[in-house]
Amino acid sequence: MDSRLLRYFVAVAEEGGVSAAADALHITQPALSRQIRGLEADLGLTLFDRGEGRLRLTPEGREFLETARTVLQAHAHARDFADRLASGELRKVSLASPRTTLIDVVAPFVATFTHQDPVPSVVEIGGDERPHRLVADHDLVIAPQSPGDDVASRLIAQLPVWAYVPTDHRWADREEIPLEELVEEQLVVTAADFKARRLLDAALDLADLTPRSLLEVRHGRVAQALAAAGRGAAVVTDDPHFSLVPLRILTDGGEGRRPLHIRLHASWRRGHHAAEALEGLVARLRDFSARRYGPTVD
């Protein structure tokens with residue numbers, strides 16, 4: 001349906017006649033009359049009662065008037081939205097991340113947003129989902145998975161994989177623990193679909209080490225709770241809870257000892273209409289993560 005004809009109809013209804021509406025629309029009265037009759041013919045409705053020299057809305061016209069106004073408002077909204085897209089403006093932003101990243105990184109970062117920032121929506125994704133499959137549905141995907149070359153991305157953080165122990169543990173006065181010493185303790189670990197667990201398994205395999213005992217759980221917070229209960233050292237990337245002491249896990253990286261860590265990436269679709277705004281948001285997230293976890297080395 002031609003929105004121009006709807007606009008003409010609404011103008012005639014609101015102005016109370018063709019003459020006043022024609023003046024408001026800056027068109028001739030005969031042309032406007034023809035357009036209104038054409039709209040009525042197209043709809044199969046009589047919108048105006050033309051008796052006694054004055055146009056009056058018919059019952060059908062009164063009902064259709066509300067629909068016409070709604071359609072015109074929607075059309076104006078669509079035009080305004082398209083203009084904002086074309087200008088690269090970002091009014092809303094969809095952020096997707098795995099649970100641990102969502103809780104420890106994304107949610108605290110969103111808490112720093114002001115009224116000048118886009119309105120955020122945050123979605124939890126699975127630990128194995130790939131960013132290049134998600135950027136079509138979300139503006140930013142923040143995850144430890146390698147983003148690949150088919151999306152725009154930036155490294156935003158290197159999150160330590162911690163070994164958490166209670167304050168009365170024999171390691172509680174330390175800041176680091178070598179992997180070969182860590183395996184002497186019972187380890188409370190998350191399932192294999194968690195990045196921290198996969199990194200730990202890879203480091204153990206590379207060093208040809210086997211833990212004395214493994215206790216597997218589904219959630220990092222539960223792993224910390226068991227560590228607090230004296231069931232072993234919890235190996236997770238989560239921020240600390242239950243007054244536990246965090247120890248960096250040292251592995252042999254071929255160039256000396258280095259901490260075991262997860263590389264966290266932000267990814268977005270190439271050609272995104274608001275790519276510049278997203279890059280600015282990612283730069284802020286990187287700075288936020290550096291303050292929280294230490295500087296990131298590309």
Side-chain angles (χ1 to χ4, degrees), residues 96-105 124-134 141-151 153-165 171 174-224 226-227 231-240 244-267 289 293-298:
S97 66
R99 174 175 297 189
T100 298
T101 303
L102 188 156
I103 293 172
D104 291 342
V105 180
E124 180 183 336
I125 60 175
D128 289 329
E129 295 191 65
R130 299 298 173 186
H132 70 274
R133 297 176 180 174
L134 296 168
V141 179
I142 302 154
Q145 294 89 335
S146 178
D149 296 331
D150 50 352
V151 298
S153 66
R154 188 176 185 190
L155 178 67
I156 59 170
Q158 295 177 162
L159 307 181
V161 179
W162 301 107
Y164 283 110
V165 297
W171 298 337
R174 301 168 63 172
E175 296 181 351
E176 301 172 335
I177 187 75
L179 186 64
E180 59 267 23
E181 190 175 351
L182 180 66
V183 296
E184 298 172 4
E185 179 69 80
Q186 173 164 282
L187 303 184
V188 187
V189 298
T190 49
D193 57 338
F194 284 76
K195 185 73 170 182
R197 171 64 184 282
R198 294 199 296 270
L199 285 175
L200 175 66
D201 288 346
L204 291 171
D205 185 60
L206 185 64
D208 196 23
L209 293 171
T210 302
R212 177 175 67 85
S213 177
L214 280 179
L215 178 59
E216 184 176 294
V217 297
R218 282 299 310 169
H219 301 288
R221 187 73 62 88
V222 175
Q224 291 195 52
L226 289 173
R231 297 299 182 90
V235 180
V236 294
T237 58
D238 305 51
D239 287 348
L244 293 173
V245 177
L247 307 175
R248 293 181 183 271
I249 301 171
L250 299 181
T251 63
D252 186 355
E255 299 178 354
R257 297 282 189 176
R258 61 184 181 88
L260 191 64
H261 64 263
I262 284 176
R263 293 167 65 85
L264 195 63
H265 304 269
S267 305
S289 300
Y293 298 105
T296 298
V297 179
D298 290 307

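Along the sequence shown, residues carry numbers from 1.
Taking NE2 of H219 as the reference point, atom CD of Q224 lies at 13.5 Å (rounded to 0.5 Å). Expressed to the nearest 0.5 Å, how far CG of L200 lies from CG of D205 amounts to 11.0 Å. E180 contributes atom CD, which lies 6.5 Å from atom CG of L209 (distance to the nearest 0.5 angstrom). Atom CZ of residue R221 and atom OG1 of residue T100 lie 9.5 Å apart, to the nearest 0.5 angstrom. Interatomic distance, CG of L182 versus CD1 of I177, reported as 6.5 Å (0.5 Å rounding). Remark: Q186 CD to L215 CG distance equals 5.5 Å, nearest 0.5 Å.
When all heavy atoms of P98 and G126 are compared, the pair lying nearest together is CG-O, 4.5 Å. I262 approaches T237 most closely through the heavy-atom pair CD1-CG2, 3.3 Å. W171 and E185 make their closest contact through CH2-CB, 3.6 Å (heavy atoms, listed as atom of the first residue, atom of the second, distance). Smallest separation of non-hydrogen atoms from R257 and P178: NH1-CB, 4.2 Å.
Taking 4.5 Å as the limit, some side-chain heavy atom of V236 sits within range of a side-chain heavy atom of Y164. Side-chain contact between R218 and D193: present, with at least one pair of heavy atoms (C-beta onward) separated by less than 4.5 Å. With contacts defined as side-chain heavy-atom distances shorter than 4.5 Å, the pair R248/E176 qualifies. Two residues are said to be in side-chain contact when any heavy atoms from C-beta on lie closer than 4.5 Å; I125 and L134 meet this criterion. You'll find the side chain of R263 stays beyond 4.5 Å of the side chain of P144, heavy atoms only.
Checking V189, L204, L179, V235 one by one against P211, the side chain to side chain contact (heavy atoms under 4.5 Å, CB included) holds for a single residue, L204.
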| task | Start with the C-alpha distance between D239 and Y293, add both sets of side-chain angles, then the distance that settles side-chain hydrogen bond (donor to acceptor under 3.5 Å, both in side chains), and finish with yes or no. | result | CA-CA 10 Å; D239 287 348; Y293 298 105; 2.9 Å; yes

| message | Between R174 and L247, is the side-chain contact (heavy atoms from CB on, under 4.5 Å) condition met? List the steps. | response | CA-CA 7 Å; R174 301 168 63 172; L247 307 175; 4.2 Å; yes

| task | Take E184 and R212, measure what salt bridge (Lys or Arg N to Asp or Glu O under 4.0 Å) needs, and give me the verdict at the end. | result | CA-CA 6 Å; E184 298 172 4; R212 177 175 67 85; over 6 Å; no

| request: Carefully, step by step, assess H261 and W162 under the rule side-chain contact (heavy atoms from CB on, under 4.5 Å). | output: CA-CA 8 Å; H261 64 263; W162 301 107; over 6 Å; no

| said: With side-chain contact (heavy atoms from CB on, under 4.5 Å) as the criterion, how do V105 and L264 come out once you've worked through the C-alpha distance, each side chain's angles and the decisive distance to 0.1 Å? | reply: CA-CA 10 Å; V105 180; L264 195 63; 4.2 Å; yes

| Can you check side-chain contact (heavy atoms from CB on, under 4.5 Å) on L159 and K195, steps first, answer last? | CA-CA 11 Å; L159 307 181; K195 185 73 170 182; over 6 Å; no

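Panel note: side chain S97, backbone V141; no donor-acceptor pair is recorded below 3.5 Å. Between the side chain of R197 and the main chain of T190, a donor-acceptor pair closer than 3.5 Å is present.
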